[in-house]
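Letters A, B, ... are given to chains in the order of the sequence lines, protein chains preceding strands, and every chain is numbered from 1.
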Amino acid sequence: MEKTYNPQSIEQALYQHWEAQGYFKPHGDTSKESFTIMIPPPNVTGSLHMGHAFQQTIMDTLIRYQRMQGKNTLWQVGTDHAGIATQMVVERKIAAEENKTKHDYGREKFIEKVWQWKNHSGGSITKQMRRLGDSLDWERERFTMDEGFSDAVQEVFVRLYEEGLIYRGKRLVNWDPKLHTAISDLEVENKEQQGKMWHLRYPLADGAQTAEGKDYLVVATTRPETMLGDTGVAVNPADPRYNGLIGKEILLPIVNRRIPIVGDEHADMEKGTGCVKITPAHDFNDYEVGKRHQLPMINILTLNADIREQAEVFTTQGEPSDAYDNVLPEKYRGMERFAARDAIVADFEAAGLLVKIEDHPNTVPYGDRGGVIIEPMLTDQWYVRTKPLAEEAIRAVEDGEIKFVPQQYENMYFSWMRDIQDWCISRQLWWGHQIPAWYDEAGQVYVGRSEQEVRQKHQLDEGVKLRRDEDVLDTWFSSGLWTFGTLGWPEQTDDLATFHPTNVLVTGFDIIFFWVARMIMMTMHFMKDKDGKSQVPFKTVYVTGLIRDENGAKMSKSKGNVLDPLDMVDGIDLESLVTKRTGNMMQPQLAQKIEKITRKTFANGIEAHGTDALRFTLAAIASTGRDINWDMHRLEGYRNFCNKLWNASRYVLMQCEEQDCGQNDQPMDFSLADRWIQGQYQQTVKACREALDSFRFDLAAQALYEFTWNQFCDWYLELTKPILFKGSEAQMRATRYTLVNVLESLLRLMHPIIPFITETIWQRVAPLCRLKADTIMLAPYPQYEADKVDEMAMNDLEWLKQFILAIRNIRGEMDISPNKPLSVLLRYTSDSDNRRIEENKAFLSSLAKLEQIQLLQADEVAPASATALLGEMEILIPMAGLIDKEAELARIGRQLEKAQGDLQRVTGKLSNENFVNKAPAMVIDKERAKQAELELTVDKLRQQQATIAAL
RNA sequence: GGUCGUUUAGCUCAGUUGGGAGAGCAUCGCCCUUACAAGGCGAGGGUCGCUGGUUCAAGCCCAGCAACGACCA
């Protein structure tokens, strides 16, 4: 083996080999249980970030763990077409390279362009995923716009429409004025900010007066410009100030429109002025109020969110109406919405109608893609009626058919599902699944799998002109079909029978609504068992937290704190990192700041750590679904761990290769250490399996770390040295046998988390265990073997450790070189002490560096010594010429203080009658034993203190 | 405002049915001992956010408060 651990020299080649050998594919033996994970399809425009690395490490660990247990495992790979994001990428590209817009190309040519982009540059993320060691079945890679998947999407749309679960309507939607498309409520980010509240005076018509005798109402609004579209003012029917005015009218300033005063609970008497202007075409709450009171709707904004040349007037049902005229004051026409706001406020002020302006914290909706403020807009859109779909989806989680890990995320799921709103699925984009709907010239809509099918079904001959709906479907509509669409639905394929329902979904909490909930709804509606029972898409949803930067801030490009997982794998120098973080930015003005924090945080760039160290770190921090602050030091620690494993393996191989490791059935004489490490290892297997079975990757990582470093390396390897250097043939053989077999099995145990280093070492170690197999990937996962846990060996070795630690402690405290051999005297030894000493002299001499071990009789006087206690046994190291009196007194003093403190606590507890009467006997016995031991310890330490003090 | 979560060593985090406060990293001291200085050996370090309650016993259970965070409105 190479003298130093160098991940870069092993990882890439291994992955290519695995992939070429087809180890990632399901083995196909359907007599074995299947185990399936569907990867959350990454955005085809995306690149790998920490969240991907985190989730994929978990998925790969699970899939490797199950594969090694012989299951027919499928980890399905693919990407999604990311409608808006992809279209934006290509639009920017043609703008930059050819100075063209998509309209210059036209729809068909533009889509061709997008496909070209997709085929050349799309999915670079899948190459990055290979670097992580992900054992995905690449031959089955899917894309949400590929042919089969598009069939599934169309089929679902048509069937839902035929079942009345999809409808079209003119509704208020979230409109992105920059991207010119509707988006669903989930794609809106509400941001808190310090805004303003304008108090506007609205004169009452026909001489009406308020209870206080005023001839006007004051409405408070955060959006004064929308007053151009007001069709009412609401007051609370219980509000004595104004309820007398219900039914009266306002004369709306600027447009001189008469609008009614209505009584509605929406007007909060406590808030603002108690009077609310109602603009049904530009506000979701007002829309509802308008519907309740049959107020017409006046649209005053263009799709750019500028003031229209002429308003559009609709009835509550969305039909064109002439209830009001459509004239808008000339001066505002064509104004951008915020310019119009300023102008209108100024005009109110000029007219003496601006009462006041207050600071007012409010939440403002932003489009998560375009980044501009969303405008509620009255448009024709397609909707999924989600309520009926949600019912079954809720039940599946209630009944435990689907479990969330950690469970608290079920609350989030339920609260959203129980209050679910209809889902706007149409998008005014070109890139995506075009909606399979056609209109005749009268505007009548027909839905079908093709124009031909539509004509046939509705007996429309060639004379009837049909025009296809131009809109495409929300990308999440197709992602919602991921679990069954990838397996060949709507065909009833063998894959569906074998791999569906899938087992585990690993995802972030942020897409529970976007994706998880919708996937459950869609799957349960379309996938049925033979007996008609709905199939769930997956049995467990493992929800991860977010990985944040070292200060707990969310990673984002605009903050410049994004960490590329591959930079941690390969390393990156500071200049490249700065260039990478500040290049290609949406807001170049932030570059300087980003450069500064980058230079500060990563003064020396990022070192290479290798994929295994990254994966181990991610596993180690995967605890309970909460967010994690990324800590570079932990990554370093786990790289050191990989290095430790590497070097320990080198030791094992150096000792065992070309030696007799028990392969030839010659006699073996196992040492205490051999028996002990087997037992320790078995307990590790048990802990590790339990952790993986319960999704506690952190506990699995911890168990592996603890065993490998603190037991196997720190103790066992050291304990093999006296045997391998001085033991008999049979002892050496047994120890070599234990070394190679424990290591071999340990590598299998760790493989799901750190696949590369384990495979590399395993290739060398396995032959020494008489194993012939091509890869560790398909070797069996270790099982707990209780009969290999030798209790007596465990106890004896624990005693041995304590003995050695006691000597080392004295050396450390007394500044005695570890190289200096010591003589030790033992007093008050029990029979079992004597046996243990006799059996383990070689170990003691070697690990504690003792030249002589001498037993004293109980009444024998010992020379002045540094002392340690092990049970009743006294370990004495004669001080002559070695020990500093003051230092030894200080050392004893510290121990005494600690022992006395403990004793006091235990004694206090035991003298409490209530404790003795009520606590379980076992607990009391334990305390009594502790008390006795502590008393002895205190006693002996005092004696020792006196002895030393008397010198 | 509602829901959920978090608060444990300097930092990042574990702590399973209530029964002696843990890990990694960082810190301090000593060591280039033939697997490993990305290391070895030893040591120090915590009022478990605050207050109260239940209990023989609370980091853990209950109530209230505070701070922070997420989602929803």
Residues touching RNA chain B, which here means a heavy atom under 4.0 Å, drawn from residues 912-921 of chain A: A/Asn912, A/Asn914, A/Phe915, A/Lys918, A/Ala919, A/Pro920
Sugar-phosphate only, base, or nothing, as touched by A/Ile628 at under 4.0 Å among non-hydrogen atoms: sugar-phosphate
side-chain hydrogen bond (donor to acceptor under 3.5 Å, both in side chains) partners for A/Glu718, two or more places apart: A/Lys721
A/Lys644: partners by salt bridge (Lys or Arg N to Asp or Glu O under 4.0 Å), with sequence neighbours left out: none
With A/Arg696 via salt bridge (Lys or Arg N to Asp or Glu O under 4.0 Å) - residues at least two apart: A/Asp698
A/Glu11 side-chain N/O to A/Thr611 backbone N/O, donor-acceptor pair under 3.5 Å: yes
N/O (side chain, A/Asn640) to phosphate O (OP1/OP2, B/G39) under 4.0 Å: yes
Residues from residues 922-937 of chain A lying under 4.0 Å of RNA chain B - heavy atoms: A/Val923, A/Lys930
Protein-nucleotides 71-73 of chain B N/O pairs closer than 3.5 Å?
none

Euclidean distance for P, B/A57 against B/G20 (whole angstrom): 14 Å
Between P of B/A37 and OH of A/Tyr5, the distance in whole Å: 16 Å
Taking N or O atoms only and anything under 3.5 Å, show me the protein contacts with nucleotides 59-62 of chain B, one pair per line.
none

Non-neighbouring partners of A/Glu607 that pass salt bridge (Lys or Arg N to Asp or Glu O under 4.0 Å), sequence neighbours left out: A/Arg639
Rounded distance (nearest 0.5 Å) linking atom CE of A/Met519 with atom CD1 of A/Ile402: 9.5 Å
Rounded distance in Å between the P positions of B/C41 and B/A26: 15 Å
Euclidean distance, atom CD of residue A/Glu550 to atom P of B/C13 [Å, nearest integer]: 12 Å
P gap between B/U27 and B/G64, integer Å: 44 Å
Donor-acceptor under 3.5 Å (A/Ser9 side chain, A/Asn6 main chain): yes
Whole-angstrom distance between B/G44 and B/G1, as gauged at atom C1': 48 Å
Side-chain N or O of A/Lys820 closer than 4.0 Å to phosphate OP1/OP2 of B/C31: no
Under 3.5 Å: donor-acceptor pair, side chain of A/Arg615, backbone of A/Ile753: yes
Between C1' of B/U33 and CD of A/Glu718, the distance in whole Å: 9 Å
Rounded distance in Å - CZ (A/Arg548) to P (B/C13): 10 Å
Sugar-phosphate only, base, or nothing, as touched by A/Arg639 at under 4.0 Å among non-hydrogen atoms: base
Geometric cation-pi criterion A/Arg548 and A/Trp630, 6.0 Å radius, 45° cone: no
Pairs: protein N or O with nucleotides 41-48 of chain B N or O, under 3.5 Å:
unit_1: B/A43; atom_1: OP1; unit_2: A/Asn809; atom_2: ND2; d: 3.0

Between P of B/C13 and OH of A/Tyr638, the distance in whole Å: 12 Å
Salt bridge (Lys or Arg N to Asp or Glu O under 4.0 Å) involving A/Arg928 - partner list, sequence neighbours excluded: none
Pairing string, 5' to 3', for RNA chain B - Watson-Crick or wobble contacts under 3.5 Å, brackets [ ] where pairs cross, | to another strand: (((((((..((((.....[..)))).(((((.......))))).....(((((..]....)))))))))))).
Nearest-Å distance once atom P is located in both B/C71 and B/C28: 41 Å
Sugar-phosphate, base or nothing in reach of A/Cys642, heavy atoms under 4.0 Å: nothing
OP1 or OP2 of B/C56 under 4.0 Å from side-chain N/O of A/Lys909: no
Rounded interatomic separation in angstrom, taking CZ from A/Arg634 and C1' from B/C13: 5 Å
Within residues 691-704 of chain A: residues closer than 4.0 Å to RNA chain B (heavy atoms): A/Arg696, A/Leu699
Residue of the set A/Phe509, A/Phe404, A/Phe697 for which ring-ring contact (aromatic ring centres under 6.0 Å, His included) holds with A/Tyr542: A/Phe697
Pairwise P distance, B/U33 and B/U47 [rounded to whole Å]: 40 Å
C1' spacing across the pair B/G53 / B/G42, given as an integer number of angstrom: 44 Å
Interatomic distance, A/Trp630 CH2 vs B/C25 C1' [rounded to whole Å]: 13 Å
N-O pairing of A/Glu658 and A/Arg764 below 4.0 Å: no
Salt bridge present between A/Arg905 and A/Asp902 (N-O < 4.0 angstrom): yes
Salt-bridge criterion met for A/Asp283 and A/Arg223 (N-O under 4.0 Å): no
Distance, P atom - from B/C36 to B/G46, rounded to whole angstrom: 37 Å
Spacing between A/Glu851 atom CD and B/U33 atom C1', to the nearest angstrom: 17 Å
